[in-house]
Amino acid sequence: MTNYNFLKPYTLRNGVTVKNRIAMSPMTEQSSFENGAITSDEINYYRLRAGGVGLLITGCANVNDLGKGFEGELSVAHRSMLPGLTRLANAIKIDGTKAILQIFSAGRMSNSKVLRGQQPVSASAVAALRPDAEVPRALSSAEIEQTITDFANATKLAIDAGFDGVELHGANTYLMQQFFSPHSNRRTDQWGGSLENRMRFPLAVVDACANVIKAAKQPFILGYRISPEEIEEPGIRLADTLALVKQLNQKPIDYLHISLADAWGSSIVDKTDHQPVFEKIQKVIADDLPLMVVGHLATPTQVEKLLSTGVEFAAIGRELIREPKWVQKVMAGDEKAIRYTFSLEDLDELKVTPPLLNFLMTAFRRGFPLSTDEHQIKTQ
Ligand SMILES: Cc1cc2nc3c(=O)[nH]c(=O)nc-3n(C[C@H](O)[C@H](O)[C@H](O)COP(=O)(O)O)c2cc1C
């Protein structure tokens with residue numbers, strides 16, 4: 001079947017038309033040089049996955065040196081990164097695929113080893129609830145302003161490198177989320193305390209990046225990724241997120257991306273609430289702001305079902321690692337050729353680097369079946 005609705009184009013608020021509703025979800029390969037410069041291995045990995053998807057979102061790139069979260073992370077912190085970022089944008093912009101650079105700061109999800117002796121930073125001096133988490137130091141007001149400027153400068157660099165957009169990484173417990181979270185943000189100044197104050201930093205980042213985009217010669221996509229809930233006590237609850245979405249509705253962003261382990265997942269806090277989280281967000285999101293949903297999507301049928309609910313974009317992560325030509329095979333009516341398992345024999349062909357393989361085999365092993373596994377993905 002080749003007449004899936006997910007193959008239809010979509011025109012964003014800024015007038016840019018995306019050729020279909022499939023996005024490659026941001027996934028770091030942890031394979032950049034030590035200074036965050038892109039490697040040829042990464043360029044080849046992305047090039048292989050470009051051309052089919054409407055949007056290809058890169059793995060996270062840090063906007064400043066203290067924002068680095070792990071080894072092998074891409075950086076957009078310095079102008080010296082421009083040549084490598086330009087190569088990356090060019091490798092992705094094949095056959096109309098839009099190249100989106102995900103920009104972020106890891107905040108307290110880093111450590112002094114990765115930061116070469118420096119203490120990680122966050123909204124407040126509160127360690128994350130995970131083994132071996134270091135206590136970060138709270139950013140000063142001047143540093144907060146500088147970090148906002150760093151996001152804006154990263155956006156400018158992405159424009160200059162020829163990207164079609166940036167995605168602000170406000171999810172997965174990193175710095176933008178840390179300001180929004182009552183767990184990591186215990187500040188008593190204008191950047192913390194009330195829900196309104198906890199939104200101030202993420203919204204200021206949006207404004208600063210939007211201002212840079214306004215001055216650009218061409219329309220440039222601004223996406224925002226959120227994690228709707230935290231299990232920490234105190235932590236972000238769905239009501240907080242719905243309030244944030246209402247604020248984001250009024251900002252010049254072009255899509256909202258919800259980071260979910262399972263696209264159809266319900267609250268991870270209130271186990272009695274069985275409504276999918278994306279449906280709750282659909283109720284408050286502006287009509288002209290498209291929603292992107294991710295989480296264990298693998299087959300065309302699964303993607304079509306999700307989009308039949310009115311969700312505008314499906315982001316696919318690990319399935320596009322296994323099957324770089326997913327969209328092309330669907331368009332050719334060659335669905336039987338789509339790979340749903342990963343064979344270690346295919347590492348080279350799939351341009352999967354050793355650090356990426358290691359990450360997949362540890363943190364992301366669930367939902368990443370190997371050809372030798374007993375339990376495989378249901379394709380119906
Ligand atoms: C190897 C790997 C790296 C990832 N890196 C990022 C990242 O850089 N930024 C981000 O927002 N999410 C990252 N994620 C999360 C994915 O974007 C996605 O939300 C998750 O894999 C669930 O989607 P899936 O079930 O389709 O794989 C990563 C996931 C994987 C598997």
Side-chain angles (χ1 to χ4, degrees), residues 6 22-32 36 38 41-42 45-46 49 53 55-63 67-76 88 100-107 109-110 166-178 223-228 255-265 268 277-278 291-300 302-303 306 311 313-324 326-327 338-342 347 350-370 377-378:
F6 65 74
I22 307 295
M24 177 162 145
S25 205
M27 288 180 290
T28 176
E29 320 85 68
Q30 304 191 337
S31 302
S32 299
I38 191 103
D41 285 351
E42 293 175 289
Y45 165 89
Y46 283 116
R49 288 163 179 82
V53 295
L55 299 163
L56 191 156
I57 309 165
T58 68
C60 54
N62 57 65
V63 299
K68 181 173 175 177
F70 48 84
E71 301 298 343
E73 183 176 291
L74 192 60
S75 175
V76 64
L88 176 59
I100 310 292
L101 183 71
Q102 190 186 55
I103 58 176
F104 98 127
S105 163
M109 298 301 284
S110 188
V166 290
E167 178 175 280
L168 300 175
H169 196 353
N172 302 0
T173 74
Y174 294 120
L175 187 71
M176 288 184 72
Q177 182 176 331
Q178 288 161 32
Y224 194 107
R225 189 172 219 214
I226 54 167
S227 286
Y255 69 85
L256 180 73
H257 185 177
I258 4 177
S259 180
L260 295 167
D262 177 352
W264 292 87
I268 55 170
V277 167
F278 79 78
L291 188 61
M292 182 184 290
V293 175
V294 71
H296 271 97
L297 298 169
T299 69
Q302 288 167 352
V303 171
L306 177 70
V311 165
F313 287 98
I316 303 182
R318 286 162 293 179
E319 174 57 18
L320 286 173
I321 297 181
R322 295 185 283 263
E323 182 49 84
W326 193 94
V327 174
I338 295 176
R339 285 179 267 214
Y340 293 108
T341 55
F342 185 81
L347 277 180
L350 296 176
K351 314 276 184 216
V352 169
T353 60
L356 174 57
L357 180 67
N358 181 48
F359 202 25
L360 288 165
M361 291 298 107
T362 52
F364 286 97
R365 181 71 171 90
R366 195 181 75 82
F368 195 73
L370 295 181
I377 286 176
K378 285 201 189 92

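Predicted model, so just to flag it, every value in this text is computed and none were measured. When a ligand or atom number is given, it counts from 1 through the structure's own listing order.
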Atom 8 (O) of ligand 1: the protein heavy-atom neighbour that sits closest, reported with distance to 0.1 Å: Cys60 N, 3.0 Å
Just need the protein heavy atom nearest to atom 4 (C) of ligand 1, so name the residue and atom and give the distance. Met27 CA, 3.3 Å
Among all protein heavy atoms in this structure, tell me which lies nearest to atom 14 (N) of ligand 1, with the distance rounded to 0.1 Å. Pro26 O, 3.2 Å
Is the contact between His169 and ligand 1 made by the side chain, the backbone, both, or neither, using heavy atoms and a 4.0 Å cut-off? side chain
Distance-only, no hydrogens or angles: does the Arg318 side chain make a donor-acceptor pair with backbone N or O of Phe364 under 3.5 Å? yes
I want to check something: taking the side chain as every heavy atom from C-beta on, are Ile22 and Phe6 in contact at a cut-off of under 4.5 Å? yes
Nearest heavy atom to atom 2 (C) of ligand 1 wins, so pick from Phe359, Phe104, Tyr174. Phe359
Are the side chain of Gln178 and the backbone N or O of Ala106 linked by a donor-acceptor pair below 3.5 Å? yes
Under 4.0 Å, counting heavy atoms only: does Gly295 come that close to any atom of ligand 1? yes
What are the atoms of ligand 1, with element, lying closer than 4.0 Å to any heavy atom of Gln102? 7 (C), 8 (O), 9 (N), 10 (C), 11 (O)
Any N or O on Gly317 sitting closer than 3.5 Å to an N or O of ligand 1? yes
Using a strict cut-off of 4.0 Å, indicate which atoms of ligand 1 neighbour a heavy atom of Gly59. 8 (O)
Out of curiosity, Ile316 CD1 to Ser25 OG, how far, rounded to the nearest 0.5 Å? 9.5 Å
So which heavy atom in the protein is nearest atom 18 (C) of ligand 1, and how far is it from that ligand atom? Ser25 OG, 3.6 Å
Give yes if a backbone or side-chain nitrogen or oxygen of Leu360 is under 3.5 Å from a nitrogen or oxygen of ligand 1, and no if not. no
What are the atoms of ligand 1, with element, lying closer than 4.0 Å to any heavy atom of Asn172? 10 (C), 11 (O), 12 (N)
Report the nearest protein non-hydrogen atom to atom 5 (N) of ligand 1: residue, atom name, distance rounded to 0.1 Å. Thr28 N, 3.0 Å
Under 4.0 Å from any heavy atom of His296, which atoms of ligand 1 are there? 24 (P), 25 (O), 26 (O)
Using the six-membered ring wherever Trp is involved, compare the ring planes of Phe359 and Phe70 and label them parallel, tilted or perpendicular (cut-offs 30° and 60°). tilted
Just to confirm my output: which protein heavy-atom neighbour is closest to atom 31 (C) of ligand 1, and how far is it? Phe364 CG, 3.2 Å
Between Phe104 and Tyr174, how do the two ring planes meet: parallel, tilted or perpendicular, split at 30° and 60°? perpendicular
Do Trp326 side-chain atoms and Pro300 backbone N/O form a donor-acceptor pair below 3.5 Å? no
Run the numbers for me: atoms of ligand 1, each under 4.0 Å from some heavy atom of Val294, listed by number. 19 (O), 23 (O)
Going by atom types only, do Glu42 and Ser32 share a side-chain donor-acceptor pair under 3.5 Å? yes
Looking at side-chain heavy atoms only, is the closest gap between His257 and Pro26 below 4.5 Å? yes
May I ask you to identify the nearest protein heavy atom to atom 27 (O) of ligand 1, giving residue, atom name and distance to one decimal place in Å? Arg318 NE, 2.7 Å
Can you see whether Thr353 engages Asp41 through a side-chain donor-acceptor pair at a distance of less than 3.5 angstrom? no
Nearest non-hydrogen protein atom, atom 10 (C) of ligand 1: Arg225 NH1, 3.1 Å
Mind checking whether Ser259 has an N or O less than 3.5 Å away from an N or O of ligand 1? no
Glu167 versus ligand 1: do any nitrogen or oxygen atoms come within less than 3.5 Å of each other? no
Using a 4.0 Å cutoff against the non-hydrogen atoms of Leu356, which atoms of ligand 1 qualify? 1 (C)
Indicate yes or no: at least one non-hydrogen side-chain atom of Met361 is less than 4.5 angstrom from one of Leu370. yes
Is the positively charged end of Arg339 above the ring of Phe342, judged by distance under 6.0 angstrom from the centroid and angle within 45° of the axis? no
Just verifying a value: how many Å separate Met109 CE and Gln177 CD, rounded to the nearest 0.5 Å? 9.0 Å
